[in-house]
Q: 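Okay, here's the structure, questions in a sec.
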Amino acid sequence: MKLQSLIDRATKSIDITVAVAAAEDEEVIDAVAMALDHHFGRFVLYGDREQIWQLLKQKNYANLDNIQIVHVNSAMQAAELAVRAVHLNEADVLMKGNVPTATLLKAVLNKEYGLRIGKVLSHVAVFEVPGYDRFIIVTDAAMNISPDLEQKAQIISNAVAIAHAIGIETPKVAALAAVEVVNPSMPATMDAAALTMMQKRGQIKGCVIDGPLALDNAVSLKAAEHKRIDSEVAGKADILLVPDIEAGNMLYKSLVYFANAKVGAIIAGAKAPIVLTSRADSAESKLYSLALAVCSASK
């Protein structure tokens with residue numbers, strides 16, 4: 001499966017509005033222009049009006065029918081107004097621009113106008129990995145530092161909802177650990193076994209979970225067969241649940257830098273999808289993330 005398929009899905013979502021906080025950023029404007037060229041919907045750009053205009057002119061982007069620019073005096077104000085727009089149902093997706101992540105998340109978590117709905121917020125990354133015939137979804141590589149069992153269950157549910165939104169009807173979830181056997185000295189294996197049982201008893205729905213599984217056994221049928229692992233998930237995992245943020249961050253960056261994987265990622269579990277890309281991400285990656293968010297908002 002290709003990330004281009006997300007763009008194709010997103011083009012059908014003409015009624016989606018994206019609120020961009022602090023849009024005066026070259027890569028963000030590139031992504032917005034590409035999204036509009038693909039008819040993703042409309043964008044409300046919060047930020048310095050003059051800087052945004054100049055960036056649009058530099059890109060020779062003349063089609064302004066689906067762009068609204070709202071001038072603000074600071075990144076903090078841009079974050080607040082963009083979040084408020086989503087809170088008031090004036091926008092369907094929130095996107096981070098040239099604003100610190102902490103500033104945006106402070107607005108997202110605001111009790112008066114924020115986007116919390118009682119769920120754990122988690123990072124869901126959808127990878128197109130060379131050599132694989134399916135998406136590989138990694139969670140959580142950016143939000144939850146050391147999630148407990150209950151949080152991991154919610155992180156899985158968030159990822160499963162995203163998988164459903166992009167057409168994976170019953171995603172296979174591998175709860176990763178360093179080994180594929182339960183070891184009381186390794187908490188990740190204990191959590192993985194508990195999550196597997198929770199799914200079997202209907203506490204986690206819409207997916208199939210198995211664990212603990214080491215990474216090789218999760219994604220390689222050959223490795224799983226070699227270790228004689230009999231599982232619906234082993235070798236065929238769609239979603240990789242990592243035990244903590246360190247493992248997730250390393251896996252995420254390994255896929256990008258060593259495997260040349262393409263990726264789109266969002267924050268799930270809020271009132272609306274949040275595109276929380278890094279300044280180091282390319283415009284192409286931001287476009288994939290936007291497409292993923294739009295698909296999620298349209299489900």
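Owing to the predicted nature of the structure, the values given are computational and were not obtained by experimental measurement. When reading the values below, keep in mind they use all heavy atoms of this one structure, side chains included, and skip hydrogens, waters and symmetry mates.
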Q: Evaluate side-chain contact (heavy atoms from CB on, under 4.5 Å) for Val173 paired with Asp238, printing each intermediate quantity in order.
A: CA-CA 6 Å; Val173 182; Asp238 302 297; over 6 Å; no
Q: Sub-3.5 Å donor-acceptor pair from the side chain of Ser289 to the main-chain atoms of Ala265, do we have one?
A: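 Yes: the side chain of Ser289 pairs with the backbone of Ala265.
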Q: Given 3.5 Å as the limit, does a donor-acceptor pair link the side chain of Gln199 with the main chain of Ile209, or not?
A: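 At least one qualifying donor-acceptor pair exists.
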Q: Check whether any side-chain heavy atom of Ile274 lies under 4.5 Å from a side-chain heavy atom of Ile266, and answer yes or no.
A: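 No - every pair of side-chain heavy atoms lies 4.5 Å or more apart.
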Q: Please report the closest heavy-atom contact between Val99 and Ala79, naming both atoms and the distance.
A: CG2-CB, 4.5 Å
Q: Between the main-chain N or O of Gln151 and the side-chain N or O of Gln154, is there a donor-acceptor pair closer than 3.5 Å?
A: no
Q: Would you say the ring centroid of Tyr252 lies under 6.0 angstrom from that of Phe127?
A: yes
Q: Working to the nearest 0.5 angstrom, can you tell me the gap between Leu255 CG and Glu128 CD?
A: 12.0 Å
Q: Would you give the length of the straight line joining atom CG of Leu287 to atom CG of Leu3, rounded to the nearest 0.5 angstrom?
A: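 Here the rounded value is 9.5 Å.
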Q: Looking at Arg9 and Gly167, what are the two nearest heavy atoms and their distance?
A: NH2-CA, 3.4 Å
Q: Would you indicate whether Met76, at its atom CE, is surrounded by more than 12 heavy atoms from other residues, nucleotides or ligands within a distance under 6.0 Å?
A: no
Q: Is any side-chain heavy atom of Val86 closer than 4.5 Å to one of Val93?
A: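 No, side chains not in contact.
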Q: Hey, are the side chains of Val44 and Val20 touching, using non-hydrogen atoms and a 4.5 Å cut-off?
A: no
Q: Taking atom types as modelled and ignoring hydrogens, do the side chains of Glu24 and Asn98 form a donor-acceptor contact shorter than 3.5 angstrom?
A: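 There is no such pair (donor and acceptor under 3.5 Å, judged by atom type) between the side chains of Glu24 and Asn98.
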Q: Quick check on Lys106: does its NZ atom have over 12 non-hydrogen neighbours (other residues, nucleotides or ligands) under 6.0 Å away?
A: no
Q: Does the side chain of Ser231 pick up a donor-acceptor pair with the side chain of Asp210 at under 3.5 Å?
A: yes
Q: Among side-chain atoms of Asn89 and Lys271, is any donor-acceptor pair under 3.5 angstrom?
A: yes
Q: Compare every heavy atom of Pro273 with every heavy atom of Ala293, then report the nearest pair and how far apart it is.
A: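 So the two residues come closest at O-CG, 3.5 Å.
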Q: Would you check if there is a donor-acceptor pair between the side chains of Gln54 and Glu50 at a distance under 3.5 Å?
A: yes
Q: Between Ser146 and Asp244, does any side-chain donor sit less than 3.5 Å from a side-chain acceptor?
A: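 Ser146 vs Asp244: no donor-acceptor pair found between side chains.
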Q: What pair of heavy atoms forms the shortest contact from His87 to Gly114, and how long is it?
A: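 Looks like ND1-O, 3.0 Å.
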